[in-house]
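As structure tokens, the structure follows; a few thoughts come after it.
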Amino acid sequence: MEARLLIAVPRPLRTLLTYTYPATAQITLGCRVAVPLGHGRSIGLVIALAENAASTPYQLKPIKALLDQEPLLDAHLLEFLQWAARYYHHAIGEVIFSAIPNALRAGRPLPQVLTWQAIPTPDAAAQLKRAKRQAELYQWLSQQTEPSSAQAIHTQLGASWRPILAALVDKGLVAENLSPTRIQRSSLGKLTPKLVLSEQQQACLLQCETWMQASTLQPILLQGVTGSGKTEIYLRLIETYLARGQQTLILVPEIGLTPQLVQRFSDHFPEQQISCLHSGLNDTERLQAWMDARSGQADIVIGTRSAVFTAFADLGLIIIDEEHDTSFKQQEGFRYHGRDLAIKRAQMLNIPILLGTATPALETLQNADQGRYHYLRLEQRPGKARPPSLEVQDIRGQHLHSGLSKLSLQAIQRSLERNEQAMLFINRRGFAPMLLCPACGWLAHCPACSANMTYHARKNRIICHHCGADERAEAACPACQNPQLITQGQGTERIELVLQQYFPETPVVRIDRDTTSRKGSLERHLETVRNTERLLLVGTQMLAKGHDFPNLTLVVILDVDAALLSSEYHALERFGQLFTQVAGRSGRSNKAGHVILQTTQPQHPKLLTLLHTGYLAFARQLIEERKQWQFPPFSYQALIRAEAAEMDQALQYLEQLRLSIPAQAGVFLMGPVPAPLEKRAERYRAQLLIQAESRQLRHLCLNYLTNQEKNSPNQKSLRWSIDIDPVELS
DNA sequence: AGCACGCCGACT
DNA sequence: GTCGGCGTGCTC
């Protein structure tokens with residue numbers, strides 16, 4: 001007698017595979033198995049029991065081995081992942097395995113964790129029990145004489161098990177350096193005094209707590225301007241869940257950029273273990289953090305988007321910081337949105353979720369305005385900090401010095417004279433986006449993409465920012481040998497140069513992907529900025545994210561036009577968010593801030609709304625416009641992308657897919673058309689946009705499409721993908 | 001994604 | 001004659 005199992009394998013298959021196993025064997029859902037697959041073998045994860053009666057057109061194979069005694073993923077996580085695979089129309093196996101650390105994907109056994117569970121601390125009995133276990137553990141540990149095994153145990157222990165750690169350090173068995181997934185307390189036992197909450201923060205906290213204890217939960221949008229003390233609210237809310245012995249998940253856009261946030265958490269919770277999950281970890285570190293969350297040893301997990309798939313022993317609260325940030329959206333492969341999935345996961349677990357930002361995404365604001373989310377605002381900045389003064393600079397007919405107006409240069413001069421810092425913001429790295437020949441019109445163009453190469457002066461190379469093509473910049477024109485090539489437009493490198501020329505006495509720090517690619521270099525730069533009173537900062541997007549520069553009083557935004565004139569309908573929303581965040585960087589610590597926007601569009605109505613009535617009114621105006629055009633959040637989009645060796649192939653393939661979707665009310669199909677970047681890395685790209693008036697209709701269309709795909713043989717060398725709720729149409 | 005199968009070019 | 005190039009197709 002045998003039974004059947006539905007197994008997910010890490011392959012781009014849209015279905016689960018059915019295998020048999022002996023009915024006498026005990027198998028729990030969520031365990032890994034070794035299975036025969038095709039000519040070889042593969043690892044798989046048991047997802048469900050299959051109907052035994054159903055006859056199959058193929059010969060079922062038995063699983064080869066059961067690899068786990070206990071499930072890697074619990075029932076909730078399995079259900080959540082299956083939901084995600086359906087929603088994003090992505091291969092189930094890839095979705096399931098994105099929740100399993102690389103280190104466990106080859107079938108290696110789960111490391112043995114000392115099995116204890118997080119014990120709820122409030123009552124004395126539990127405290128006692130916890131202390132007793134620690135004592136037992138300590139006794140056992142003290143018998144370990146070999147430093148290497150002590151080290152191993154130390155690695156498996158949480159930093160929260162301080163007595164043990166302290167004892168080990170004391171005995172000289174381990175050095176007091178923890179793995180990078182764990183936050184080290186610099187001095188044991190030192191408690192940082194709690195900040196006193198403002199009246200508004202107090203009210204806000206109380207309201208959140210009330211909502212979180214209600215029988216029906218809704219996501220909470222906490223809109224707090226930069227410096228209004230959102231983080232302090234997070235900390236207080238987390239306390240409640242820690243006291244119950246529950247864990248908290250905090251999703252942040254890019255953890256490498258927010259070391260201060262992590263520090264803040266570890267200072268506030270010196271007794272708790274905080275684990276970090278981000279792209280900078282190697283497989284071992286990632287496994288460690290994952291195990292800590294799954295076993296319950298980690299009290300708080302801070303991570304980037306993929307941390308939404310982490311297994312938890314007892315998750316009680318989710319917080320999304322900088323909720324509007326588009327880096328929560330994965331832009332390749334499994335194109336999920338970390339925030340949206342977190343909301344779904346919280347809903348499935350019936351636990352509260354808090355979305356924090358100064359500038360809510362339009363869809364989030366719409367949800368709040370419609371009452372689907374609770375909505376709270378923190379308006380005041382604590383202390384005496386006032387909002388910055390804003391200046392729109394009309395640069396029409398102005399002579400610019402490498403993109404900088406005379407007025408901007410004067411404003412920078414005045415800041416420096418007051419021994420204050422200024423920041424110049426331009427969203428383009430490199431020296432100039434164009435290198436060309438004034439004699440014959442030759443232009444440095446990427447051989448593999450339909451895009452210009454960017455000139456990088458420091459390296460003296462031309463680089464394609466789309467495919468990475470990288471060539472030496474020749475002195476003379478390759479077409480007509482004219483010895484003098486010129487550049488057009490500006491990037492961060494050129495702005496850095498012009499500032500060095502104008503202000504030779506002042507250090508200039510440039511922060512972009514080129515200056516921060518090496519590990520720790522961003523931190524070093526930020527350190528310089530903190531330690532230097534008089535300084536100029538140049539950078540891209542990266543500068544806008546969550547750094548606190550107390551002596552910064554002037555911000556100049558240089559490429560406002562690009563955002564105002566973009567054809568992408570998301571561009572304005574992004575600009576509003578960026579502007580509000582960047583403006584929030586200036587004028588803290590009791591010094592007046594000033595923001596300059598250089599533009600040829602000083603009368604742009606949206607710009608005026610943003611400046612005069614603030615982000616909220618601006619965002620609501622954009623929502624109104626989206627409504628008129630029936631764009632999201634008033635419709636539901638899916639972008640089908642295809643790429644092939646020839647544009648015609650890509651277009652024809654999409655046309656075929658389009659025809660598989662029967663015409664129906666409430667569905668618009670746009671395209672297929674060539675993508676805005678027609679060619680990338682020698683491949684031509686086309687896209688088809690599906691816009692439906694409900695998620696259900698969109699889902700239906702995509703089902704037609706994937707069925708059609710199943711029937712038609714794969715076209716040679718053609719790759720295609722589905723992007724649900726796209727945030728970028730390029 | 002793997003992995004094998006298969007049908008064409010240059011080698012001992 | 002065969003080694004291997006990667007284009008194509010399948011995975012319970």
Side-chain angles (χ1 to χ4, degrees), chain A residues 1-23 25 27-68 78 81-82 84-86 88-108 283 306 309 330-336 448 641-646 648-650 652-653 656-657 681-684 705-723:
Chain A
M1 190 56 198
E2 54 184 22
R4 294 174 180 184
L5 295 174
L6 292 177
I7 310 271
V9 290
R11 302 286 148 92
L13 304 175
R14 291 188 182 277
T15 53
L16 296 169
L17 303 183
T18 313
Y19 288 88
T20 61
Y21 76 106
I27 285 195
T28 317
L29 304 187
C31 288
R32 290 172 301 165
V33 287
V35 290
L37 182 65
H39 302 276
R41 49 153 57 206
S42 170
I43 193 168
L45 200 87
V46 185
I47 302 299
L49 299 171
E51 288 294 322
N52 248 2
S55 70
T56 50
Y58 30 73
Q59 182 66 45
L60 295 183
K61 295 177 182 174
I63 66 165
K64 282 193 186 301
L66 173 65
L67 301 175
D68 292 308
L78 285 181
L81 291 165
Q82 288 180 89
R86 282 195 301 273
Y88 288 103
H89 286 260
H90 195 82
I92 178 73
E94 290 188 348
V95 176
I96 295 281
F97 278 84
S98 65
I100 296 171
N102 260 336
L104 298 177
R105 279 181 215 179
R108 175 183 129 183
D283 285 354
S306 62
F309 302 119
Q330 175 124 54
Q331 292 289 20
E332 57 196 11
F334 173 24
R335 295 170 173 262
Y336 63 94
R641 302 166 206 266
E643 56 168 62
E646 302 294 337
D648 266 356
Q649 277 181 289
Q652 275 166 28
Y653 185 76
Q656 194 188 322
L657 287 186
E682 299 292 7
R683 298 183 60 82
Y684 288 87
L705 199 144
T706 44
N707 283 336
Q708 151 86 17
E709 212 280 324
K710 222 177 288 169
N711 301 332
S712 72
N714 247 347
Q715 290 207 1
K716 56 177 179 177
S717 80
L718 190 138
R719 299 214 56 84
W720 71 289
S721 67
I722 297 175
D723 189 351

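Lettering of chains follows the sequences in order, A, B, ..., and the numbering in each one begins at 1. Below, all heavy atoms of this structure are taken into account, side chains as well, without hydrogens, waters or symmetry copies.
When heavy atoms are screened at a 4.0 angstrom cut-off, A:Pro10 is found touching no nucleic acid atom at all. Heavy atoms of A:Tyr19 sit under 4.0 angstrom from primed sugar atoms or phosphate atoms, though from no base atom. At the heavy-atom level, A:Gln59 lies under 4.0 Å from the strands shown only through sugar-phosphate atoms.
Of the residues A:Leu81, A:Ile100, A:Ile96, the one that meets the side chain to side chain contact (heavy atoms under 4.5 Å, CB included) test with A:Phe309 is A:Leu81.
Counting only heavy atoms from C-beta on, A:His39 has its side chain closest to B:dA4 among B:dA1, C:dC12, B:dA4. Relative to the side chain of A:Leu13, the nucleotides C:dC12, B:dA1, C:dT11 differ in distance, and C:dT11 lies closest.
In this structure, A:Arg105 atom CZ and B:dG2 atom P are separated by 11 Å, rounded to whole Å. Note: CD1 (A:Ile43) to P (B:dG2) measures 13 Å, nearest angstrom. Per the geometry, CD1 belonging to A:Ile100 stands 18 Å off P belonging to B:dA1, to the nearest Å. Here the C1' atom of nucleotide C:dG7 and the CD atom of A:Gln649 are 13 Å apart, to the nearest Å. A:Leu16 places its CG atom 14 Å from the P atom of C:dC12, with the value rounded to the nearest Å. For the pair A:Leu17 CG and B:dA1 C1', the interatomic distance rounds to 13 Å; values are reported in whole Å. Between the CG atom of A:Leu37 and the P atom of B:dA4 there is a distance of 12 Å, given to the nearest Å.
Look at A:Arg719 and you'll find a side-chain N or O under 4.0 angstrom from OP1 or OP2 of B:dA1.
Atom CZ of A:Arg105 sits about 11.5 Å away from atom CG of A:Leu45, to the nearest 0.5 Å. A distance of 10.0 Å separates NE2 in A:His90 from CZ in A:Arg335, rounded to the nearest 0.5 Å.
In plain terms, the two heavy atoms of A:Pro36 and A:Ile63 that are nearest each other are CD-CA, 4.5 Å.
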